[in-house]
Amino acid sequence: MLAFAAGRLWTPTDVVEHPLVLVDEGRVVEISARSSRQVPIGVSVSDLGDHVMAPGYIDLHIHGNAGHDVMDDTAEALPAIEQHLAQHGVTSYFPTTVTAPLEATLRALDRLADAIEARERDKRSSNSNSNKDGTQRALPLGIHLEGPFISHARRGVHPPENLLDPTLALFEQFWQAAHGRIRMMTIAPELDGAPEVIAEAAHRGVCVSLGHSDADFAATERGIAAGARHATHTFNAMRPLDHRSPGILGAVLTDCRLTADIIADGVHLDPAIVKLFANAKGAQQTVLITDAISATGMPDGRYRLGSIQVEVREGKCMSEGKLAGSVLTMDRAVRNLARFAHWDLQQAVAAASRNPAQVARIANRGVLAVGADADFVVLSPEGDVLRTFVGGVECSQ
Ligand SMILES: [Zn+2]
């Protein structure tokens, strides 16, 4: 058994002052006030100092970092990405594909599913909860399929020649290639065949997210009726809001059946729009993503997003004159949301932990509570991530 003490704990919605957290086999088994609880005999306490313990962050939309892309066919890509994620507070994530030639996408899905399954096997076979190689890092939980079922009009930088209309047969092909590990899918609801594919994906437990879409209000509502429950990088790669023709954005911002995510890097959205979004979706339905690409944590230069060439200058990733992902990290997204929306840091932390776990139906994560995985961050008062733990084991910084 492990024990952790800190200055304060955010569940994230409740506060526990001077907590003592007991962890057994990677899970939280007890949270109490330190003053009222004797440490069990034989257990030594890791004192995290006068800092805040909060649930580890969950990134539902990330393509890469540290010079690597999740679609890279190299053994070192995912471990490097996962180490960088953990350095910025992310304890679990959905590796996210971009539109590519069909065969390349199928191969990437198969590789990602293999990697997810290998981590699950490691976790089951190791008593210490760390990996076979003794290190600890962020866990891939499932795959986010972003494209090819997206709109030509709102494709962003996804290659037009590889976009496809959704069909059940194609979805089944992706599903099989991914060993059933697709947990999230971005789709444009106005495409022919979209409602059927949305319904089937939702039936299989996929979090269907509306995005890269030129849908009008009615088509968006049809997507929601079919089973969509989220929206992808709201405002970006979407038909703009028109006050007489509200379109997809009018639906995303007003329909309480939908949660929605944003890229709060100060580039993809003006801070005033982040505040507008946060006011519209509120504390429970606002989700932070990074949409980070391989250039994250690297100097300016030329990088790749899937097979797309991207030029990175001063925090902007550009391709064909359009934004192509971000170099955002989740710790910065949390601080930015607090600042832009005038939220307190605790609320912003929930948008990176509890909220993504809820929308993607990730059990036992995103909260610090009895029975949850002991995935947590140690935060400074400013929201800097000082330390990150996955399953109670510290990740290397
Ligand atoms: Zn993306």
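Just so you know, ligand 1 is whichever comes first in the structure, and atom 1 is the first atom listed for that ligand.
- Annotation: side chain of Val385 is not in contact with side chain of Met330 (no heavy-atom distance under 4.5 Å).
- Nearest N/O/S atom of His61 with respect to the Zn ion (ligand 1) is recorded as NE2.
- Counting just the N/O/S atoms of Asp291, the one with the shortest distance to the Zn ion (ligand 1) is named OD1.
- Look at His233 and the Zn ion (ligand 1): no N/O/S atom of the residue is under 2.8 Å from the metal.
- Paired with Tyr57 under the rule side chain to side chain contact (heavy atoms under 4.5 Å, CB included), one option of Leu288, Val90, Asp375 passes, and it is Val90.
- Taking the six-membered ring for Trp and the full ring otherwise, the centers of Phe4 and Phe376 sit less than 6.0 Å from each other.
- Under the 4.0 Å criterion applied to side-chain N and carboxylate O atoms, Arg239 and Glu190 are not assigned as salt-bridge partners.
- The N, O or S atom of Glu146 lying closest to the Zn ion (ligand 1) is OE1.
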